[in-house]
Amino acid sequence: MIENSMFEEEPDVVDLAKEPCLHPLDPDEVEYEPRSSRLLVRGLGENEMDDDEEDYESSAKLLGMSFMNRSSGLRNNMSVYRQNPNESCLVPSTRTMVVCTVILVIAVSLIMAIYLLPKCIFTKEGCYKKNYTMELIYPLATNGKLFPWSKIRLPPDVVPLHYDLVLQPNLTTLKFAGSVNIVVNVIQVTWKIVLHSSGLNIMKATITSAGGQQTKPAEFLEYPLHDQIAIMAPEALLVGQNYTVNIEYSSNLSDTYYGFYKISYKDENSEQRKRMCKCSQRKKVICQWFAATQFEPLAARSAFPCFDEPAFKATFLIKIKRDEKLSTLSNMPKKATTPVTNGIVQDEFFVSLKMSTYLVAFVVADLKNISRETNGSLVSIYAIPQHLNQVGYALNTAVKLLEFYQKYFLINYPLEKLDLVAIPDFQSGAMENWGLITFRETALLFDSNTSSARDKKLITAVIAHELAHQWFGNLVTMEWWNDLWLNEGFATFMEYVAMEEIFPELHSDEDFLNLIFKAMMKDSLNSSHPVSSAVQSSEQIEEMFDALSYIKGASLLLMLKHYLTKDVFQAGIEVYLHNHNYGSAQSDDLWDSMNEVTNGTLDVKKLMKTWIQHKGFPLVTIVRKRNVISLQQEKFLYHMEPENWTSDTSYLWHIPLTYITSNCNFTHCTSAYLLDQKSAVIELPEEVEWIKFNVDMNGYYIVHYAEDWKTLIDLLKKNHTALSPKDRANLINNIFSLAGLGKESLEKAFELIDYVNKESSTSPLTQALFQLSHIYSLLEKKGEQQLAVRVMHRIEHLLGDKIDQQHWTDDGTLSERELRSMLLAFACTHDMRNCRTTANEMFKKWMKSNGTMSLPSDVMKAIFIAGAKSSDGWEFLLKMYSSSVSEAEKSKMIEALSTTEDVRKLIWLMQNSLEGEVIRAQELSHIVSTVSQSLTGHLLAWDFVKENWEKLTRKFHLGSYTIQNIITLSTSQFATKTHLLEVKSFFEAKSEESSQLRCVKEAIDTIQLNIQWMERNLAKLQELL
Ligand SMILES: [Zn+2]
């Protein structure tokens, strides 16, 4: 999967209808789907249970010791008692007899307790036989009986081998009926089969033994809190035997973006297929229904009962009954179509390869496609009929990338077909379902009139990412969600490898660099997490889909590739894929594969564990004296709550440092040094004028040059091209990060970017603009308007000439075009130079032509932003948004609409996007993000989140990337203690699941950091500007 805004400065896509009712998402109608969350009885997840068991065992040792002492004491006493011939026991009295009997009974009882129950574990709460501990905390099923399993993870006693799935979606009633036969193999003798099911109405369950002659009805129990059902076998299921479980069920097509969900869209072209359907409570319009799936990570269970964990791989035979006028797609090619009843036919697909449930997919819709064969596989791009003219670029790109990956991995794409489908309403950017990749329309459709250079790059990147998943994720899958980075980090890394090889003109490495800067910002907060982190609950699993799994994961692989060399790294990947194909893997399996290739010359596992198992990254401080370089590493952490890292040796990274010097600054002169201690010394062969570490930012660390910053500042002033554009961007990022940390002065950071008025490369310009506009935004929101204006003057001083030089056309290289888009959109947003004057003239001409005049696609956003400042312009833009058939154009329009300073319009936009009728709900996080950037909108955006929290978390799952974005973006501009308290109090008053979200902690950390930054730098800024 790829998240839509992960690679975008600002999100994209839009869809709207002339009539405000294309998407029937009245929030009141949205059905809540039960989600797994916490254990009912004692609040125990699997890990928590393990912890408790460990506690029990240590308690048992202590208590056992105590019992043993008491027993031996008793024996000693009795022995003394017997040995004393003078005591009255020689001729026992009745009282003595009674006492002795009582003592004897107690002693025998203790002995029996100790010896006859040898497996008993003594605990704080008494004696439990360990194997029976779980029975005591079994939760209750919906029918009041005990549900025979209490963990979130499924039991390992049976595994699925094959699914036969028959589905009949009804696009009139918006319900579906299903029947699934699951062949399971028994690993341990058991009476129960526990599997996942969410929101399904189960009518019947049966179990058939291997021979297939003894089908017996089976009782089923449901435990919705964990999305689990248990099929109770009428007799013991025997080890090694196969059984077939049949389950008949029905459900509603989902109103959310998960599971088997429905979408409505206005059908522009297909007159014959138009029909009246109620897609709004307000009025009836002509529309088409579209049904699609999104299962990753936990939603396959809401389309069919299944073992919904990635390691439970099986084969799938899928049959779908449909209206004969529509078409269906699934992972595999279609095998046969047979009539069922009048107007209904059944499509049967070939049996799939062995795969995880989250990769199963199907689509039922009116679709058109174009196709091309390559290397035995038919690649097709599908879209709704009115978008068929926008799929050509995607087909060419997909074919080229598929051919590249087959050569790179030395493993052929294993299916006979690969479909890429544009879905009219889609929460994330795309999803890699094996053989049937689903996309948001802006991530697949390229319109030569309205798609910009940036749009082309985005489409290429998303296709490259999803195709890489066909190997990383689909062929070899992470065993559990804790290692999601193995899927997402790898696909992100391969996306840039492939783009650099096949589309070098796109300069995708510049984008990757900017993403790494953002990931490091997130990773420098206390709320960060190790790339590989233990997860249990659905919220924790959803939250793994973040910049750390994707970007940090990818940048660690980039660092390793440079250290091992390109060929060794590639050979390691080949070994990994070959060793684990059609299976599952953990992080260690990857390092073991790499070690097979390095053959003892380097322990990759030892090196990479220092990066994967700890959050954060190192700060390397360099002190140069003549030709001697002293190096020291420490954890880079914004100290909201300082951690005592110096006493913790685990915060010692093995850092593959790289550097270039004034004596030779070409790539082939790059030197390497592995810093695996806290400090070290490098002796250069000769004295140098300057030294630059972390060449091209190929390593995941920040460098502090101490006294040498002055040398580098002078170098940039005199001859900035002595360093590569990526190195220049890296220096800008590092010095501003250090100023935030208090390790370097803001004055020096400002001094370093003084050279930028001579800069012409996109990466350093983007980074300088990001740093200054971030300061501007914080000052503006804090009410320091005058100072904010002075920051804007500084930006104008640095970039004004560059802005003036831009043409209002689509000319130039892709990199130049992209830079133009960025600079002019910024200038028009902040009314800088003559941007709005030129843009307004073009907007008026466009209005006059009723939107028929063609605008240059790269500057379209800047023109729309300027136009949307007037009320008439805004209204016209909204009207055009309703009628446009280009998703690329709509995306620019929705962003411009969100920059208005009219409060009522901003509220209207957010509210309508949440309702999903006029503006699709897929746009919401993009709109909230844009609104929260402006002075007018930032408080509105937060109020909107507060007021609609329940609706938001019903529509987008708690922990999902959309919710992460909405929380962090709507609070990222706060820099006061009042706002900090406000945000904290709001989430504390919500459910435990909400307040414990990592993104909530990140939001709080960010506000604290903003406050700290202001306290540290406000006075200095007054002096500086
Ligand atoms: Zn992905």
Side-chain angles (χ1 to χ4, degrees), residues 1-8 11-12 257-258 293-300 310 331 355-361 394 397-398 401-402 405 409 413 418 420-421 423 426-440 442-444 458-499 508 511-512 515-516 519 531-532 535 541-558 573 577 584-585 587 590 959-962 964-965:
M1 187 154 60
I2 193 161
E3 301 299 347
N4 192 55
S5 52
M6 190 159 283
F7 41 83
E8 277 273 274
D12 44 275
Y257 289 107
Y258 309 93
T293 56
Q294 169 59 44
F295 289 164
E296 193 182 25
L298 308 173
N331 305 83
M355 64 181 189
S356 306
T357 44
Y358 78 88
L359 292 169
V360 173
T397 306
L401 286 165
L402 192 67
Y405 284 133
F409 299 133
Y413 173 72
L418 175 62
L420 293 82
V421 190
I423 310 283
F426 197 77
Q427 185 182 353
S428 59
M431 174 64 211
E432 69 266 21
N433 318 298
W434 216 349
L436 179 61
I437 310 177
T438 44
F439 291 77
R440 184 182 277 227
T442 38
L444 192 69
L458 168 75
I459 292 166
T460 315
V462 178
I463 295 174
H465 181 99
E466 302 308 331
L467 259 59
H469 269 312
Q470 306 304 302
W471 287 264
F472 284 100
N474 301 5
L475 187 67
V476 180
T477 313
M478 81 259 134
E479 203 169 291
W480 179 243
W481 302 106
N482 64 314
D483 276 328
L484 178 68
W485 84 274
L486 277 179
N487 272 17
E488 298 301 350
F490 245 115
T492 306
F493 169 77
M494 286 311 303
E495 164 191 335
Y496 291 102
V497 169
M499 284 173 75
S508 60
D511 292 278
F512 191 30
L515 290 174
I516 296 173
V531 164
S532 184
V535 288
I541 291 168
E542 297 266 9
E543 283 209 286
M544 286 303 278
F545 291 82
D546 69 359
L548 298 174
S549 295
Y550 284 72
I551 313 299
K552 183 178 179 181
S555 59
L556 296 182
L557 293 170
L558 177 77
I573 288 181
L577 289 174
S584 306
S587 298
L590 175 64
S960 68
Y961 195 70
T962 308
Q964 291 176 43
N965 257 345

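When a ligand or atom number is given, it counts from 1 through the structure's own listing order.
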* Going by heavy atoms in the side chains, are Thr357 and Phe295 under 4.5 Å from each other? -> no
* N, O or S from Glu432 under 2.8 Å to the Zn ion (ligand 1) -> no
* Structure fact -> In this structure, the Zn ion (ligand 1) sits at the vertex of an angle between N of Met1 and NE2 of His469 that rounds to 10° as 90°
* Any residue meeting side chain to side chain contact (heavy atoms under 4.5 Å, CB included) with Ala464, in chain and number order, not counting sequence neighbours -> Leu401, Tyr405, Glu495, Met499
* To do: Supply the atom-to-atom distance Leu444 CG to Ile423 CD1, rounded to the nearest 0.5 angstrom.
  => 9.5 Å
* To do: Output the atom name for the N/O/S atom of Glu488 with the smallest distance to the Zn ion (ligand 1).
  => OE1
* To the nearest 0.5 angstrom, please state how far the CG atom of Leu548 sits from the CH2 atom of Trp485. => 13.0 Å
